[in-house]
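If you're wondering where the values come from, they're calculated on a predicted model, not measured in any experiment.
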Amino acid sequence: MKYAFFPGCVLESAAKEDYLATVAVARKLGIEIEELDGWTCCGASHVQDIAPEVTLATNARNIALAEEKGLNLLTVCNTCTLMLREAKNELDKDAAKKEEVNKQLAQIGKQYRGTIDVTHFLWVLIRDYGLDKLKAKIVKPLTGLRVAEYYGCHILRPQEELGFEDYQVPTSLADLITAIGATPIDFSRKLDCCGFHAVYPAHDSVMQMTGSINNDAAKEGADCVVTPCPLCQMQLDMFQKEAKAVVGGDKDMPILHMSQLIGLALGITPEEMGMPARHLTSTAPVQKFVG
């Protein structure tokens, strides 16, 4: 089982811990991931509003790099997943756009063919690898850990581009959490937006959103929040103190990347996944479940 790996900008820098955890988990599970040489930013939240044709060509090129390897393209960031799949969907449905984009790509010796799939690590674990196989690899089941599953917008909506599961009643994260021995709490805000992409133009509203997610996770008895999106993780962790001042609440809520939670159950140390050093909110309440 091998994939071309598109880490995206945030895993290369601000969420380096998610990169470390993803690589470590993939290695433990025997999933080969080969990082694309020369990948570029997907352009999310900025470029597509100003120059959509540039964004389309850029992501066509990213996909073409995976096509050259003959491998499906694996991402970890929800927003990168959406941007890449939107580009693929648009090009596969519109022959004229595909022809125009390929004229641009020809200038750099590339061609978009539409021969591979764009997938997310969560989907790979559920659909391709399989939960039974994952369960067999668990060495430290997270028994007693109550986890608030938090999807983030861009892995569920819009349904046309994503479509892995019902965007109104998703179950993949809860199924994954159960498979590694922890308990999903069926978090009431699991479908809410964290506000990451609006934090600067709508700061006050976003602090209310972020604070409500963390505060309600605490009220509902979660020991931590886990998300498959590094942007959501950053938002809920980085702005937690400021958001708590807006909505109230006195409990710190550890916010984990999906790969980190899985890694703990696979016996990967917190240090190997950047947990003690790179999180602003302490992950110690979670680490105690694995000794």
Side-chain angles (χ1 to χ4, degrees), residues 1-8 10-11 15 17-33 42 44 72-86 88 117-135 137-138 142 147-159 161-182 184-187 190-194 196 224-236 255-266 268 273:
M1 185 177 290
K2 187 173 182 179
Y3 300 87
F5 182 34
F6 182 90
V10 70
L11 259 69
E17 71 279 4
D18 197 9
Y19 184 97
L20 296 172
T22 298
V23 170
V25 167
R27 186 182 300 117
K28 278 278 188 180
L29 297 179
I31 299 172
E32 292 185 72
I33 55 175
C42 71
N72 287 332
L73 184 56
L74 181 144
T75 69
V76 177
C77 175
N78 291 10
T79 302
C80 291
T81 303
L82 174 61
M83 296 296 291
L84 290 160
R85 286 181 68 89
E86 277 190 332
K88 177 174 172 57
D117 188 26
V118 176
T119 189
H120 189 285
F121 197 36
L122 172 61
W123 303 347
V124 164
L125 294 172
I126 297 288
R127 179 180 58 198
D128 302 344
Y129 193 80
L131 293 181
D132 288 341
K133 193 174 177 180
L134 175 61
K135 286 179 186 178
K137 296 281 189 177
I138 300 304
L142 304 179
V147 182
E149 68 272 34
Y150 183 76
Y151 288 86
C153 306
H154 291 164
I155 201 168
L156 297 173
R157 304 183 289 272
Q159 184 83 25
E161 277 78 19
L162 299 162
F164 177 76
E165 59 190 321
D166 188 328
Y167 73 97
Q168 293 179 309
V169 192
T171 63
S172 59
L173 259 183
D175 293 341
L176 186 65
I177 291 164
T178 301
I180 61 175
I185 68 166
D186 193 20
F187 185 34
K190 63 185 175 184
L191 306 183
D192 282 15
C193 175
C194 71
F196 178 89
C224 66
V225 174
V226 68
T227 177
C229 180
L231 303 182
C232 293
Q233 191 281 337
M234 286 173 57
Q235 180 67 26
L236 297 177
I255 314 295
L256 269 62
H257 297 284
M258 178 189 75
S259 295
Q260 291 177 322
L261 190 72
I262 298 167
L264 290 174
L266 291 173
I268 301 169
M273 299 184 290

S.K.: Could you give the distance from CG (Leu122) to CD1 (Ile262), rounded to the nearest 0.5 Å?
M.R.: 8.0 Å
S.K.: What heavy-atom pair brings Gly8 and Cys80 nearest, and what distance separates the two atoms?
M.R.: CA-SG, 4.1 Å
S.K.: Using the rule given for side chain to side chain contact (heavy atoms under 4.5 Å, CB included), can you reason through Val147 versus Leu173, listing the C-alpha separation, both sets of side-chain angles and the distance that settles it, and then say yes or no?
M.R.: CA-CA 10 Å; Val147 182; Leu173 259 183; over 6 Å; no
S.K.: Less than 4.5 Å apart, side chain to side chain, heavy atoms only: is that true for Asp175 and Thr178?
M.R.: no
S.K.: Going by heavy atoms in the side chains, are Pro170 and Leu191 under 4.5 Å from each other?
M.R.: yes
S.K.: Flag the pair Pro158 / Leu82 as yes when at least one side-chain heavy-atom distance between them is below 4.5 Å, and no otherwise.
M.R.: yes
S.K.: Tell me the closest heavy-atom pair linking Arg85 and Glu161, and the distance in Å.
M.R.: NE-O, 2.7 Å
S.K.: Do side-chain atoms of Tyr129 reach the backbone of Gly30 as a donor and acceptor pair under 3.5 angstrom?
M.R.: no
S.K.: For Glu165 and Thr171, which heavy atoms make the closest approach, and how far apart are they?
M.R.: OE1-N, 2.9 Å
S.K.: So, does Thr81 use its side chain to make a donor-acceptor pair with the main chain of Thr119 at under 3.5 Å?
M.R.: no
S.K.: How close do Glu149 and Lys190 get, heavy atom to heavy atom, and via which atoms?
M.R.: O-CB, 2.9 Å
S.K.: Which residue is it: Thr227, Leu125, Ile177? I am looking for the one with a side chain to side chain contact (heavy atoms under 4.5 Å, CB included) to Met258.
M.R.: Leu125
S.K.: Distance check, rounded to the nearest 0.5 Å: Phe196 atom CZ versus Leu231 atom CG?
M.R.: 4.5 Å
S.K.: Hey, does Glu17 have a side-chain heavy atom less than 4.5 Å from the side chain of Gln260?
M.R.: yes
S.K.: For Phe164, look at atom CZ and say whether over 12 heavy atoms of other residues, nucleotides or ligands are found less than 6.0 Å away.
M.R.: yes
S.K.: Atom CG of Leu264 and atom CD1 of Ile138: how far apart are they, to the nearest 0.5 Å?
M.R.: 10.0 Å
S.K.: Using side chain to side chain contact (heavy atoms under 4.5 Å, CB included), reason through Trp123 and Leu162 one step at a time and then give a plain yes or no.
M.R.: CA-CA 11 Å; Trp123 303 347; Leu162 299 162; 3.9 Å; yes
S.K.: When you compare the side chain of Leu266 with that of Leu29, does any pair of heavy atoms fall below 4.5 Å?
M.R.: yes
S.K.: Mind checking whether His120 and Pro228 have side chains closer than 4.5 Å, heavy atoms only?
M.R.: yes
S.K.: Angle class for the Phe5/Tyr19 ring planes (parallel below 30°, perpendicular above 60°, tilted otherwise)?
M.R.: tilted
S.K.: Out of curiosity, Leu131 CG to Ile126 CD1, how far, rounded to the nearest 0.5 Å?
M.R.: 4.0 Å
S.K.: If you compare all heavy atoms of Gln235 against all heavy atoms of Cys194, which two are closest, and at what distance to 0.1 Å?
M.R.: CG-O, 3.5 Å
S.K.: Could you grab the distance from atom CZ of Arg157 to atom SG of Cys193, nearest 0.5 Å is fine?
M.R.: 8.0 Å
S.K.: Any donor-acceptor pair under 3.5 Å linking the side chain of Asp117 with the backbone of Asn72?
M.R.: no
S.K.: For a quick test of reading the model, state the closest non-hydrogen atom pair linking Asn78 to Pro230 and the distance between them.
M.R.: N-CD, 4.4 Å
S.K.: Using atom types as modelled and distance alone, determine if a side-chain donor or acceptor of His257 lies under 3.5 Å from a backbone N or O of Ala15.
M.R.: no
S.K.: With rounding to the nearest 0.5 angstrom, report the CD to CD distance, Gln159 to Gln168.
M.R.: 8.5 Å
S.K.: Compare all side-chain heavy atoms of Phe121 with those of Val25 and state whether any distance is below 4.5 angstrom.
M.R.: yes
